[in-house]
2 protein chains.
Amino acid sequence: MDFINHLTSNNIKPSLQRLRIFEYLYNSAEHPTVDTIYSDLVSAIPTLSKTTVYNTLKLFIDNGITSTLTIEENEVRYDAIMEEHAHFKCDTCGHIYDVEIDISTLKFKKIKSFKVETTNIYLNGKCNKCLTN
Amino acid sequence: MDFINHLTSNNIKPSLQRLRIFEYLYNSAEHPTVDTIYSDLVSAIPTLSKTTVYNTLKLFIDNGITSTLTIEENEVRYDAIMEEHAHFKCDTCGHIYDVEIDISTLKFKKIKSFKVETTNIYLNGKCNKCLTN
DNA sequence: TATAAAATTGTAATGATTACAAATTTAGAA
DNA sequence: TTCTAAATTTGTAATCATTACAATTTTATA
Ligand SMILES: [Mn+2]
Ligand SMILES: [Mn+2]
Ligand SMILES: [Zn+2]
Ligand SMILES: [Zn+2]
């Protein structure tokens with residue numbers, strides 16, 4: 001993944017902050033919150049402001065290279081993987097897993113006349129790690 | 001629907017406030033927010049406090065007769081229909097529709113070893129009303 | 001270099017939710 | 001019925017994530 005090119009080709013000027021934030025988000029499997037992103041990056045960018053993290057994520061979202069996850073109310077999480085997938089949150093360890101899903105298998109009744117643009121699927125339960133412990 | 005019996009059989013003493021809040025929620029198709037619930041009921045119960053609305057909804061959730069909807073971040077919505085169904089939010093008119101869905105048709109890859117306990121499905125798009133206008 | 005635009009930063013404001021203690025209501029014993 | 005304790009409701013203050021906004025810094029370009 002060429003991050004500079006990815007930002008540039010999505011009309012985002014690749015400043016240091018934007019690059020680091022996107023790299024972090026893309027490489028993290030954690031679907032981090034703003035606080036986590038800020039905490040983990042502030043040592044590498046000592047001048048970083050939390051406002052910049054908010055601003056930057058909003059920019060990413062507006063330009064279609066990041067999406068939000070509200071699997072749990074009161075905590076917004078961010079995801080730089082834009083390919084269609086669902087999310088599974090383990091009630092025990094709290095980890096959020098990506099789940100591959102074929103949305104075409106979803107059979108809705110009675111909404112043929114609606115135009116569905118996005119589909120969000122959130123699962124809760126116990127992951128295999130927690131089940132075998 | 002016998003509301004008093006519904007509350008009682010779920011270990012909730014049916015006070016006036018609890019009854020009115022549950023009735024309102026059950027009869028509303030709007031998936032209302034705390035603010036809407038409070039605003040719409042305060043004329044009928046002039047002493048009603050917003051804290052009571054929060055407390056009561058938490059009680060309903062803990063006792064399994066209400067669930068939350070976080071289809072949009074920054075606004076929590078409530079639903080007294082506990083039968084499995086998905087939600088569709090129209091981007092144009094903002095209305096949230098119930099959508100019948102057969103979750104058994106969902107085909108996940110690679111999570112056979114996970115134990116899925118709840119499934120939340122949120123759709124966004126345009127409803128037929130807004131499409132034909 | 002000089003200037004304007006863009007980006008970043010820090011602080012204050014907002015708004016939803018929660019904490020908590022006081023007031024009121026309810027239920028049961030005497 | 002009257003008294004007392006528990007349950008419920010209420011109002012206010014605290015918390016915390018997010019947003020607004022103005023000041024500062026950086027970048028681009030003439
Ligand atoms: Mn993901
Ligand atoms: Mn519903
Ligand atoms: Zn787990
Ligand atoms: Zn509509």
Side-chain angles (χ1 to χ4, degrees), chain A residues 3-4 7-8 10-25 30-63 65-79 94, chain B residues 3-4 7-8 10-25 30-63 65-79 94:
Chain A
F3 291 113
I4 291 183
L7 294 187
T8 304
N10 282 280
N11 304 311
I12 297 170
K13 201 177 298 180
S15 70
L16 174 72
Q17 288 86 343
R18 290 169 178 175
L19 257 178
R20 289 289 179 281
I21 291 172
F22 191 81
E23 284 170 6
Y24 177 86
L25 193 58
E30 303 296 320
H31 305 90
T33 62
V34 163
D35 267 324
T36 308
I37 297 170
Y38 174 78
S39 305
D40 287 353
L41 289 180
V42 72
S43 54
I45 314 172
T47 61
L48 185 64
S49 156
K50 203 175 281 185
T51 300
T52 298
V53 180
Y54 277 107
N55 291 342
T56 302
L57 290 169
K58 182 181 185 324
L59 182 72
F60 290 171
I61 291 164
D62 290 346
N63 290 66
I65 63 170
T66 293
S67 61
T68 59
L69 230 73
T70 50
I71 190 164
E72 209 75 41
E73 67 221 46
N74 77 38
E75 59 170 25
V76 179
R77 291 168 171 277
Y78 296 85
D79 197 341
Chain B
F3 291 111
I4 290 182
L7 295 186
T8 305
N10 283 281
N11 304 311
I12 297 169
K13 202 177 298 181
S15 70
L16 174 71
Q17 288 86 344
R18 290 168 178 176
L19 256 178
R20 290 287 180 280
I21 292 172
F22 191 82
E23 285 170 6
Y24 177 86
L25 193 58
E30 303 297 320
H31 305 89
T33 62
V34 162
D35 267 325
T36 307
I37 297 170
Y38 174 77
S39 304
D40 286 353
L41 289 180
V42 72
S43 53
I45 314 172
T47 61
L48 186 64
S49 157
K50 203 175 281 187
T51 301
T52 298
V53 179
Y54 277 107
N55 290 343
T56 302
L57 290 168
K58 182 180 187 323
L59 182 72
F60 290 170
I61 290 164
D62 290 346
N63 290 66
I65 63 169
T66 292
S67 61
T68 59
L69 230 72
T70 48
I71 191 165
E72 208 76 40
E73 68 220 47
N74 78 38
E75 60 171 23
V76 179
R77 291 168 172 276
Y78 297 85
D79 197 340

**Q** Ignoring the backbone of A:R18, work out which of D:dT10, D:dA7, C:dA7 is nearest its side chain.
**A** C:dA7
**Q** Between A:N55 (CG) and D:dA22 (P), how many Å, whole number?
**A**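 Rounded to the whole Å, the gap is 15 Å.
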**Q** Look at the side chain of B:K13 and decide which nucleotide, out of D:dA28, C:dA27, D:dT18, has an atom nearest to it.
**A**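 So the side chain of B:K13 is nearest to C:dA27.
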**Q** Whole Å only: how far is the CD atom of A:E73 from the P atom of D:dC16?
**A**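 Distance check: A:E73 CD to D:dC16 P gives 17 Å.
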**Q** If you measure from OG1 on B:T68 to CD on A:E72, what distance do you get to the nearest 0.5 Å?
**A**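 Output value for this atom pair is 8.5 Å.
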**Q** Can you tell me how far the CG atom of B:L41 sits from the CD atom of B:E23, to the nearest 0.5 Å?
**A** 9.0 Å
**Q** Expressed as a whole number of angstroms, how long is the span from A:L7:CG to C:dA6:P?
**A** 18 Å
**Q** Rounded to whole angstrom units, what separation is found between the CZ atom of B:R20 and the P atom of D:dT9?
**A** 13 Å
**Q** Could you state the atom-to-atom distance from CG of B:L48 to C1' of D:dG11 in whole Å?
**A**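 These atoms are roughly 12 Å apart.
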**Q** Starting the side chain at C-beta, find the nucleotide from C:dA7, D:dA17, D:dT10 nearest to A:Y54.
**A** D:dA17
**Q** Examine D:dT10: is either OP1 or OP2 under 4.0 Å from a nitrogen or oxygen in the side chain of B:T47? Give yes or no.
**A** yes
**Q** Between OG1 of B:T56 and CD1 of B:I12, what distance do you get to the nearest 0.5 Å?
**A**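 Atom-to-atom, B:T56:OG1 and B:I12:CD1 are 9.0 Å apart.
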**Q** Can you tell me if A:S39 and A:T36 form a side-chain donor-acceptor pair at under 3.5 Å?
**A** no
**Q** Atom CD of A:E72 to atom C1' of D:dA17: distance rounded to whole Å?
**A** 16 Å
**Q** Distance check needed: C:dA16 P versus B:L57 CG, whole Å only.
**A**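 Distance check: B:L57 CG to C:dA16 P gives 15 Å.
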**Q** From the options C:dA16, C:dT9, D:dT8, select the nucleotide whose nearest atom is closest to the side chain of A:S49.
**A** C:dT9
**Q** Atom CZ of B:F60 and atom C1' of D:dT8: how far apart are they, to the nearest Å?
**A** 13 Å
**Q** With respect to the phosphate group of D:dT26, does any side-chain polar atom (N or O) of A:Q17 fall under 4.0 Å of OP1 or OP2?
**A** no
**Q** Given that A:T51 and B:N74 both sit by DNA chain C, which one's nearest nucleotide is further toward the 5' end?
**A**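 Its nearest nucleotide lies further toward 5', so the answer is A:T51.
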**Q** For A:K50 and for B:S15, locate the closest nucleotide of DNA chain D by heavy-atom distance; then report the residue assigned to the nucleotide nearer the 5' terminus.
**A** B:S15
**Q** So B:E75, base contact, sugar-phosphate only, or nothing? Heavy-atom distance under 4.0 Å.
**A** nothing
**Q** Nearest 0.5 Å, please: how far is CD1 in B:I45 from OH in B:Y38?
**A**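 Atom-to-atom, B:Y38:OH and B:I45:CD1 are 10.5 Å apart.
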